[in-house]
Amino acid sequence: MSDIASLPTGSRQRQGSNIGQPMTRRDGILKVTGSATYAADNNPEGLMHAVLATATIARGKVTRLDVEAARAHPGVVEVMTPENRPPLATDPDEKTNPFAFRLDALQNDGVRYAGQPIAVVVAKTLEAAVEGAALLRPSYETEAARVDLEGESFVAEIVGPGAPGRAASGDFDAAFASAAKHIEATYDTPPQYHNAMEPHSIVVRWEGDSLSIDMPTQGLAMAVGRTAELFGISPEKIHIRSPFLGGGFGSKGLAAGPQVLGILAAKLVGAPVKLVLTRQQMYGPVGHRGQTRQTVKLGMGEDGRLAAIEHHTLTSTSRFDDFLEPASNVTHSLYAAPAIRTTHAGSRIDIGTPMFMRAPGEAPGSAALESAIDEAAFAAGMDPLDFRLLNYAEVEPISGKPFSSKALRECYERGAARFGWSKRPQAPRSMRDGEGRLLGWGVGTATFPAIMFQAEARAVIRADGSGLMEIGAHDMGQGAWTALHQIAADGLGLSMDEVEFRSGSSDLPNAGIAGGSGHTATAGTALHGAGEDVIARLTELAVNDEASPLYGAGNVGVVARNGRLVRQDDESRGEPYAAILKRAGLAEIEGRGQSAADPAAQERYAMDAHGAVFAEVAVDPNLGQIRVTRLVGAFAAGRVINPRMVESQYYGGMIWGLSFALHEEAVHDKRTGRIMNANLAEYRVPVNADVPSLEAILVHEDDPHVNALGVKGVGEIGITGTVGAIANAIWHATGVRVRRFPIGLADLLGGTPDVSDKGV
Ligand code: MOS
């Protein structure tokens with residue numbers, strides 16, 4: 001604590017004993033003992049079970065459902081179809097704001113993707129509802145569906161949730177044409193589907209025209225808003241509880257169609273209803289990562305210095321809405337080049353609308369860019385890390401803005417040192433392990449923007465000197481409960497045990513959305529502000545009270561320490577919170593905090609987290625089987641609130657990167673438009689045996705501009721550098737450059753080595 005006096009004033013409050021500590025999860029015991037209540041664990045009195053019936057065609061309409069057969073089942077209470085579905089106040093196809101994605105809530109008999117809900121069966125038991133749904137035996141009028149990227153496309157001016165689809169700096173065409181060396185390569189990434197451990201669910205009870213809901217959500221306030229709009233009731237009448245999520249990853253950011261159907265079903269039957277998606281039903285109505293085909297063009301000088309970068313993405317979206325994976329935009333910030341051009345095109349196909357999925361844009365975008373950079377480094381005859389350092393962006397290339405902070409160079413250094421990168425031979429196919437497997441080393445740069453949303457928080461100091469902090473934040477498994485509680489305690493100058501932390505419910509102050517890796521920054525800044533506010537109010541009482549040892553200390557400054565207010569110039573002089581409140585005759589004192597992105601800072605600075613990921617792979621030369629044997633990531637993302645949680649986020653991101661590189665792919669049957677592997681047996685994700693050695697290095701970074709806490713985000717960045725690092729390591733091991741993901745042994749056996757004609 002000896003460095004307190006040298007810190008700028010705004011930093012003092014947060015230098016308590018909690019921020020920066022590797023606290024274990026506050027919710028850990030609840031989870032390992034099974035006493036954490038997830039949405040589907042709620043069973044209100046009189047509960048009925050709702051089960052979706054979903055379309056087995058990808059395009060057309062439902063011509064018949066055997067509703068009578070389902071109704072005749074002794075356990076079935078009601079079958080909801082477009083004919084008897086209660087009315088909604090707003091058409092679920094109406095685009096009331098850019099985040100109001102079109103939902104399938106039985107508005108008509110149309111089918112626009114395989115897996116779309118076409119009816120809901122409500123029964124006294126889950127088993128009866130499942131049987132009832134099977135009895136519906138739908139008939140269809142089927143139209144030919146298209147589920148691949150071939151065919152018509154359109155220029156996309158807007159991508160993701162409102163980002164520009166096109167951007168340019170400099171004259172790409174001229175710079176590319178006059179460059180000494182050129183790389184042009186096209187990379188394919190597949191559709192990927194959300195597979196959070198906890199599927200989407202809802203337990204809902206109507207009380208008159210009020211709604212009581214348990215459902216997992218990454219955005220309580222947004223879910224309340226959309227529900228209010230759809231049902232034509234005021235937001236105050238909706239209470240959503242979401243204390244725990246078994247993963248969100250972007251799919252639980254907005255109210256999903258099946259959850260709206262649960263609310264409708266409860267209305268129809270006049271009883272509480274539980275609706276839980278099966279694993280298979282996750283493949284369609286709750287978002288996914290659209291497939292991409294990305295073309296990267298790099299022009300460079302003889303010395304390897306980049307002169308021109310173009311990144312074009314063709315990506316799939318649905319026929320009825322407009323989410324486009326913003327994959328090209330990662331090129332705005334990563335490498336310096338006088339001319340940069342990014343573009344996107346969309347292709348409408350018969351699938352559910354793609355949506356946010358961990359590191360939307362950056363994950364597939366950096367997979368392509370990092371592969372292309374590796375190809376360029378080899379063409380330039382350079383080590384891929386040296387090539388990246390040569391083309392290091394000192395300012396954001398597309399805008400020329402300085403970065404608010406950027407410790408990427410340190411990430412490269414720390415990661416390379418830990419990995420042993422300096423021993424890497426330049427030529428591919430030049431290392432073997434003890435079993436004769438080909439070894440390869442690859443590197444990828446990680447990046448993700450530092451995003452802030454709007455949030456509010458409430459802080460209270462009670463008569464006994466204890467504290468309360470309230471914010472409707474979301475713990476998706478990432479540790480928000482813990483990290484935000486740490487910030488709350490420091491904001492109040494108390495230990496965590498002295499602060500009650502309330503979260504995860506829509507009747508608490510709006511915490512914004514737990515997405516865009518911005519939750520700790522957003523909710524944390526609001527909590528920090530609320531702490532400052534209540535301490536300022538308490539200080540006001542003390543310094544104006546002649547009976548206080550702090551009387552008149554307003555000019556020297558007063559700080560909060562361990563439940564006391566003390567003079568800044570002499571921390572031995574002060575008094576406990578409880579004494580101040582007692583003399584003032586107050587039972588408690590309250591403060592409020594807010595957070596939002598600072599437009600002036602955003603105008604001046606580019607704000608991003610960065611990292612470097614190093615991968616080692618071993619490839620069986622006869623079978624082409626690929627193993628990632630080591631992953632080392634070094635990341636800089638501003639202030640670290642809890643190093644244990646942050647490390648865990650990096651691990652999760654890197655494992656997902658490995659999954660992207662080698663495992664995940666939804667396979668469509670082109671004849672029917674259906675997904676052929678909508679289950680966790682065939683939609684492959686890594687298991688522990690796939691991840692033998694994983695290290696995350698937390699690189700120190702101070703950022704005075706990004707927000708009051710100096711926090712960036714850590715949730716998504718881990719996936720971004722990892723995919724390219726693994727692809728590049730596979731090339732280094734084998735000499736085969738695979739330009740489609742996931743990379744499998746078939747790609748290696750059929751591949752054409754760049755440097756050898758021997759195959760793998
Ligand atoms: Mo994330 S894809 O912003 O939940």
Side-chain angles (χ1 to χ4, degrees), residues 98-99 101 159-163 189 191-200 215-223 226 242 244-256 259 282 286-290 292 315 317 323-327 329-330 352-367 446-455 472-480 483 504 511-523 597 607-609 637 645 648-650 652-657 659-660 664 711-720 722-723:
F99 283 88
F101 287 92
V159 290
T189 69
Q192 298 173 345
Y193 277 75
H194 278 287
N195 275 292
M197 284 304 292
E198 179 202 29
H200 292 62
M215 74 174 201
T217 175
Q218 298 172 244
L220 283 159
M222 282 185 85
R226 188 80 201 274
S242 183
F244 305 101
L245 286 84
F249 309 116
S251 75
K252 291 171 183 156
L254 309 161
Q259 290 164 328
M282 297 280 290
V286 298
H288 69 282
R289 195 196 299 284
T292 75
T315 185
T317 192
F323 187 94
L324 292 135
E325 184 79 13
N329 291 351
V330 70
T353 306
M355 193 49 58
F356 308 102
M357 184 160 168
R358 202 174 194 176
E362 278 76 9
S366 71
T447 190
F448 199 79
I451 294 170
M452 292 277 289
F453 300 99
Q454 288 188 10
H474 317 84
D475 196 311
M476 310 185 286
Q478 85 280 44
I513 190 161
S517 298
H519 204 36
T520 307
T522 300
M607 299 178 182
D608 300 277
M645 303 291 129
S648 172
Q649 285 298 295
Y650 293 149
M654 290 161 76
I655 293 166
W656 202 328
S659 186
F660 191 127
E664 276 184 74
V711 168
K712 297 180 180 173
V714 299
E716 295 172 269
I717 188 170
I719 190 174
T720 65
T722 307
V723 188

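What you see is a predicted model; the values in this text were computed from it and never measured. Order of appearance sets the numbers: ligands from 1, and atoms from 1 within every ligand.
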Using the test ring pair (Phe, Tyr, Trp, His ring centres under 6.0 Å), find all partners of Phe249 that sit at least two apart in sequence or belong to another chain. Trp656

To the nearest 0.5 angstrom, please state how far the NE2 atom of His519 sits from the CE atom of Met452. 12.0 Å

Could you list each N/O atom of ligand 1 together with any protein N/O atom closer than 3.5 Å, one pair per line with the distance?
{"unit_1": "ligand 1", "atom_1": "3 (O)", "unit_2": "Gly516", "atom_2": "N", "d": "2.5"}
{"unit_1": "ligand 1", "atom_1": "4 (O)", "unit_2": "Gln218", "atom_2": "NE2", "d": "2.8"}
{"unit_1": "ligand 1", "atom_1": "4 (O)", "unit_2": "Gly250", "atom_2": "N", "d": "2.8"}

With heavy-atom distances below 4.5 Å as the criterion, would you say the side chains of Glu362 and Glu716 are in contact? no

Residue set satisfying ring pair (Phe, Tyr, Trp, His ring centres under 6.0 Å) with Phe323, at least two apart, ordered chain then number -> Phe356

Test of understanding: with ring pair (Phe, Tyr, Trp, His ring centres under 6.0 Å), list the residues that count as partners of His200, not counting sequence neighbours. none

So, are Lys252 and Glu198 salt-bridged, with charged N and O less than 4.0 Å apart? yes

